[in-house]
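One structure is given here, and the rest of the page talks about it.
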Amino acid sequence: MDFNNLDHLYRQVIMDHYKTPRNRGAIEGGVTIDMNNPTCGDTIRLQLAIEDDVVSDAKFDGEGCSISMASASMMTQLVKGKTIEEALRLADIFSDMVQGKDYDDESFDLGDVEALSGVTKFPARIKCATLAWKALERGVEEGK
């Protein structure tokens, strides 16, 4: 597949998660983290259910650009069922990926999250993409 077709596919994946977000909603109990990106106005409320050091459920709500909302949707899908250690490792991998650094693409199947790899070309959008992931880091620390 050539670069243009791959770029088009990634855009479709991002727009699918933006228009039809997965795990949007609320969890009774658990850990709640509210964060915002004052640069562009993105807001997120991430809720995590953590049982026996495993993220048993993850939901989000918020408003923002397609990048921030798609990233939250993808992240909640990816971390469900992961241990806290695995979730934090995924957050590190994601951060490296969107910053254009070498990242570990062998340990986990990143699935749809890889569609956000192109954010590295738009430095101003990195904060949009990482907002939900920063909330995840804060949430799993609080949920320990």
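Values reported hereafter were calculated over all heavy atoms of this structure, with side chains retained and with hydrogens, waters and symmetry mates removed.
- For the side chain to side chain contact (heavy atoms under 4.5 Å, CB included) with Val140, the lone residue among Val55, Ile33, Val79 that qualifies is Val55.
- The existence of a salt bridge linking Arg22 and Asp16 is confirmed by a sub-4.0 Å separation between a basic side-chain nitrogen and an acidic carboxylate oxygen.
- Val54 and Val31 fall into different hydrophobic clusters, where Ile, Leu, Val, Met, Phe, Trp and Tyr side chains are chained together by heavy-atom contacts under 4.5 Å.
- For the atom pair CD of Glu114 and CD1 of Ile93, the computed distance is 10.5 Å after rounding to the nearest 0.5 Å.
- The shortest non-hydrogen separation linking Ala58 to Lys80 is O-CE, 3.6 Å.
- Nearest heavy-atom pair across Met15 and Ser66 is SD-CB, 4.1 Å.
- The structure places CG of Asp57 at 9.0 Å from CG of Leu48, a figure rounded to the nearest 0.5 Å.
- Between Glu51 and Ser56, the shortest heavy-atom distance links the atoms OE2-OG, 3.4 Å.
- Between Thr76 and Leu46, some side-chain heavy-atom pair lies under the 4.5 Å cut-off.
- Legend: residues meeting side-chain contact (heavy atoms from CB on, under 4.5 Å) with Asp53, ordered by chain and number and at least two apart, are Ile84.
- Once rounded to the nearest 0.5 Å, the distance linking CG of Leu88 with CG of Leu136 reads 6.5 Å.
- Closest non-hydrogen pair, Tyr10 versus Ser117, comes out as CE1-OG, 3.7 Å.
- Of all non-hydrogen atoms in Trp133 and Leu78, the two that sit nearest each other are CH2-CD2, 4.0 Å.
- Taking every heavy atom of both residues into account, Cys65 and Asp42 meet most closely at N-OD1, 2.9 Å.
- Cluster annotation: Met35 and Met69 are assigned to the same hydrophobic cluster (Ile/Leu/Val/Met/Phe/Trp/Tyr, side-chain heavy-atom contacts under 4.5 Å, transitive).
- Looking only at side-chain heavy atoms (C-beta outward), Thr43 and Asp34 stay at 4.5 Å or farther from each other.
- At least one donor-acceptor pair closer than 3.5 Å links the side chain of Ser71 to the backbone N or O of Ala129.
- To the nearest 0.5 angstrom, Met74 atom CE is 4.5 Å from Leu116 atom CG.
- Residues Arg125 and Val98 are not in side-chain contact: their nearest non-hydrogen atoms beyond the backbone lie 4.5 Å or more apart.
- Here the CG atom belonging to Asn23 is positioned 9.0 Å from the CE atom belonging to Met75, to the nearest 0.5 angstrom.
- For Glu141, the salt bridge (Lys or Arg N to Asp or Glu O under 4.0 Å) partners at least two apart in sequence or on another chain are Lys144.
- Between Phe108 and Val113 there is no side-chain heavy-atom pair separated by less than 4.5 Å.
- A 4.5 Å side-chain heavy-atom check between Thr130 and Gln99 finds every atom pair outside the cut-off.
- In this structure, CD1 on Ile67 lies 12.5 Å from CG on Asn37, to the nearest 0.5 angstrom.
- Annotation: salt bridge (Lys or Arg N to Asp or Glu O under 4.0 Å) contacts of Asp104 (sequence neighbours excluded): Arg89.
- Looking only at side-chain heavy atoms (C-beta outward), Phe60 and Arg24 come within less than 4.5 Å of each other.
- With a 6.0 Å radius and a threshold of 12 heavy atoms from other residues, nucleotides or ligands, Gln12 has its CD atom above the threshold.
- Looking at Leu110 and Tyr103, their side chains come closer than 4.5 Å, going by heavy atoms from C-beta outward.
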